[in-house]
4 protein chains.
Amino acid sequence: MEALHAATIQVLTQQGLARCTTTRIAARAGASVGSLYQYYPNRDALLAAVLARKLSGVSAAVDLACRAQQGQPIAQMAVALTRAFLAAKLHNPDESKALYAVAAQRGGAALIAQAQASMVVSIATMLASAADVHVANPAVTAEVALNTLVGSVRALLEGLMSPEVAATLETQLGALLTAYFQTHAVARAAASALARE
Amino acid sequence: MEALHAATIQVLTQQGLARCTTTRIAARAGASVGSLYQYYPNRDALLAAVLARKLSGVSAAVDLACRAQQGQPIAQMAVALTRAFLAAKLHNPDESKALYAVAAQRGGAALIAQAQASMVVSIATMLASAADVHVANPAVTAEVALNTLVGSVRALLEGLMSPEVAATLETQLGALLTAYFQTHAVARAAASALARE
Amino acid sequence: MEALHAATIQVLTQQGLARCTTTRIAARAGASVGSLYQYYPNRDALLAAVLARKLSGVSAAVDLACRAQQGQPIAQMAVALTRAFLAAKLHNPDESKALYAVAAQRGGAALIAQAQASMVVSIATMLASAADVHVANPAVTAEVALNTLVGSVRALLEGLMSPEVAATLETQLGALLTAYFQTHAVARAAASALARE
Amino acid sequence: MEALHAATIQVLTQQGLARCTTTRIAARAGASVGSLYQYYPNRDALLAAVLARKLSGVSAAVDLACRAQQGQPIAQMAVALTRAFLAAKLHNPDESKALYAVAAQRGGAALIAQAQASMVVSIATMLASAADVHVANPAVTAEVALNTLVGSVRALLEGLMSPEVAATLETQLGALLTAYFQTHAVARAAASALARE
DNA sequence: CATGAATGAGTCTTCATTCAT
DNA sequence: GATGAATGAAGACTCATTCAT
């Protein structure tokens, strides 16, 4: 039920994972515990479903952004990817943060892995289409880039980031990824030349 | 007690945070619950102590490496920092992974924040001393770099990293940071020239 | 739940406050601990509720008796008050005795204070209406009288009273209060005379 | 040991009976738990000893006062008894209050009973020697009087007494007892006349 | 004799899950 | 299908008591 999803996120953000009990979720959703168990076999399944939905939303947003950048210059890709990822994760920071706690539970890792894999494919595909450079190993580059973005987002969500960095995060990460992408890339012209040899 | 520290890490890695109860820790340590409470006022304090010890170890390792790189070229700094951080975190991967769960607990964030701050200072100081380039804003650069390293390490520890990336992680991150550091830097010669004008 | 009230009193009388645990109460009530906590937020709340019910019963009985004595001679008031209070407290001696232990707990004092205050008002109002005498300070006199009654009842309940006294308690206390009330009173006629001067 | 007595009372008054643990008592006394158990077989024995000492002090004070009033008029006896009892109980109110909690424990009732019996004898003996009146049944009268005093003292210690009453307690109780004693008494002259008939 | 670390039974309290209505 | 009272296992924590040093 939709109400259960929303209620779970509310309880999660307002009370934390430890106090996110089935009774509280049901009460917040205006339903009974019994009803909750008609939609989900147990508490973990509900939490997993909520996490999965959030993750697929982020994946979709990243995928959309990557498709839109097909054939663009690599620097623009870096900026667009950063912007899309930050927007998806920071649109509702409390929710994102709360769900990281859920992800740490047994079973959460698999969902995260799936979402990451999907995003890596999207990013790698985008990188391979760059107009100006040829990325040697798009999958590897995409994965490292994604981990970098995730690292900063977690730091921000967990309150570990200084105001200075937080204020310019998008710029910093855009620059970082641009520099990184170019390190692993070979200019198209040179690549063509190489191929001709 | 030392046995309690070890037991906590064992239970944490083998059973997870949720099943890491005072009873189980005590049993694993070959002690009684009562004894546990003679050394720590409550469960959270024990977990915090274990986390704090690990974090200070990592901080110290990073600090040591940064001091050793004073005055070196920036590319070498990037590689040395990466190597030191990965070595410290991956020396005992199970322990590191288990403690990430603890860090998410109430109180864990403060310890992490403290350790991060300490490492940012070490890294920033090192960057400021680079022989070849002048880093514009060492503190910000250091913080972004640290978050990047953390992001990859978490991905690795949580099993989210592909074998391809894992195999070349140190190289990848070294290159990434080198590129990033140079983005934010101005060649010493140019900087001196600017200063003279 | 009614069964929890009854069970609490039974455990209290048979095992004492120290052994009056939530588990034992629940078992005696034929319920589970969980059920207990669906009716009361914690152990103290249950004990307080049991005490409060008893106290309000005593208060009500005293109030009823006092109202019935409005306008009667003071000696009759003393006897009626004594009779009503003893009847209320000694109707179920085990329960009364057990609850004195509860009253000593944190939070019990407030309930007792409230009940005492209510009874003092009832008694004072009665005293002020005495047909034959004018009580100078009804509130003070009522309070001292109540403490006197309580003192004897506690002695009786705690087994500190000799059989001789116990056998004639009502008579003794009636006489004591009659004598005390008259000490603090002025005959109506004299009072009127004084007022006319 | 003397220090243990003092420490017990301090912990009792400052932390309450529930937090009056053997460890805390020993620490307060500057001793070890082990030492405590060399003087007392268990916690209850220590508490009982502390209570017993306090009670015998009160008994002795009352006895002393009663002996001093031998052969005096009954009104003076009432006042002296009241004064002595209040002084003994209210000299250290916190201690007295804390010990009432101890008295409610298993075993405390017997000690109280013993002290009460002793005081009843002292008071009865005094009453029998009154110069002006002949008390019909000194033991019964003494017991009722004592319970009355105890009732007010408990009310005062437990904070149940209004400031108005507390301010004039000694006067009120003196008057009450005087009135009560005279109710149960026959003037010496009349008594002698009766005896001659 | 003194010490105080170790013990572990016993408390209160929570919460996922069930099932009679 | 919905409900929510009942369950009871499990967790954190306390403390009287013991005993090796």
Side-chain angles (χ1 to χ4, degrees), chain A residues 1 3-4 11 15 17-27 29-47, chain B residues 1 3-4 11 15 17-27 29-47, chain C residues 1 3-4 11 15 17-27 29-47, chain D residues 1 3-4 11 15 17-27 29-47:
Chain A
M1 227 204 318
L4 285 176
V11 176
Q15 316 237 26
L17 179 57
R19 302 189 66 76
C20 183
T21 69
T22 52
T23 306
R24 266 189 267 263
I25 293 171
S32 65
V33 231
S35 293
L36 188 156
Y37 277 87
Q38 236 142 25
Y39 292 94
Y40 298 95
N42 54 49
R43 174 179 175 270
D44 282 359
L46 167 56
L47 291 175
Chain B
M1 223 202 324
L4 286 175
V11 175
Q15 316 237 27
L17 179 57
R19 302 187 64 78
C20 184
T21 70
T22 52
T23 311
R24 264 187 269 263
I25 293 172
S32 64
V33 227
S35 292
L36 187 157
Y37 279 90
Q38 248 164 4
Y39 291 94
Y40 298 94
N42 53 51
R43 172 179 171 272
D44 283 359
L46 167 55
L47 291 176
Chain C
M1 224 200 329
L4 285 174
V11 176
Q15 315 237 28
L17 179 58
R19 302 186 65 77
C20 185
T21 68
T22 51
T23 309
R24 264 187 270 264
I25 292 172
S32 64
V33 230
S35 292
L36 188 158
Y37 280 88
Q38 248 163 6
Y39 291 94
Y40 299 95
N42 53 51
R43 173 178 172 272
D44 282 359
L46 168 55
L47 292 175
Chain D
M1 224 206 316
L4 285 175
V11 176
Q15 315 238 27
L17 179 56
R19 302 188 65 78
C20 185
T21 69
T22 52
T23 306
R24 266 187 268 263
I25 293 172
S32 65
V33 230
S35 295
L36 187 156
Y37 278 86
Q38 235 141 25
Y39 291 93
Y40 297 96
N42 53 49
R43 175 179 174 269
D44 283 358
L46 167 56
L47 290 175

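Below, chain A is the first sequence line, B the second, and so on; all start at residue 1. Only a predicted model underlies this, so the values are computations on that prediction, with no experimental measurement involved.
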Peer 1: How is D/Ala26 classified with respect to the nucleic acid when contacts are heavy atoms under 4.0 Å: base, sugar-phosphate, or nothing?
Peer 2: nothing
Peer 1: May I have all residue pairs that pass side-chain hydrogen bond (donor to acceptor under 3.5 Å, both in side chains) and include part of residues 37-46 of chain C, sequence neighbours excluded?
Peer 2: C/His5-C/Tyr40
Peer 1: Name all residues meeting the side chain to side chain contact (heavy atoms under 4.5 Å, CB included) criterion together with C/Ala31; count only those two or more places apart in sequence or in a different chain, and write none if there are none.
Peer 2: C/Ser35
Peer 1: For a quick check, with a 4.0 angstrom heavy-atom cut-off, what is the B/S/- contact string for nucleotides 15-20 of chain E, read 5' to 3'?
Peer 2: SBBB--
Peer 1: Measure across A/Ala29 and A/Ala3 and return the closest heavy-atom pair with its distance rounded to 0.1 Å.
Peer 2: CB-O, 3.7 Å
Peer 1: Based on Watson-Crick and G-U pairs with both distances under 3.5 Å, what dot-bracket line describes DNA chain E 5' to 3', crossing pairs as [ ] and inter-strand pairs as |?
Peer 2: .||||||||||||||||||||
Peer 1: Are C/Ser35 and F/dA5 close enough that a side-chain N or O sits under 4.0 Å from OP1 or OP2?
Peer 2: no
Peer 1: List the atom pairs, donor and acceptor, that lie under 3.5 Å between side-chain atoms in residues 19-27 of chain A and the rest of the protein, sequence neighbours left out.
Peer 2:
{"from": "A/Thr21", "atom 1": "OG1", "to": "A/Arg24", "atom 2": "N", "distance (Å)": "3.2"}
{"from": "A/Arg24", "atom 1": "NE", "to": "A/Arg19", "atom 2": "O", "distance (Å)": "2.7"}

Peer 1: Between E/dC1 and F/dT21, how far is it from one C1' atom to the other, in whole Å?
Peer 2: 13 Å
Peer 1: Give the rounded distance in Å between these two atoms: CG of D/Leu4 and P of E/dT3.
Peer 2: 11 Å
Peer 1: Which comes earlier along DNA chain E counting from the 5' end, the contact point of B/Tyr39 or that of D/Ser32, where each point is its nearest nucleotide?
Peer 2: D/Ser32
Peer 1: Roughly, in whole Å, what's the span from CG in D/Leu36 to P in F/dA16?
Peer 2: 10 Å
Peer 1: Within this structure, what is the OH-to-C1' distance between C/Tyr40 and F/dA5, rounded to whole angstrom?
Peer 2: 15 Å
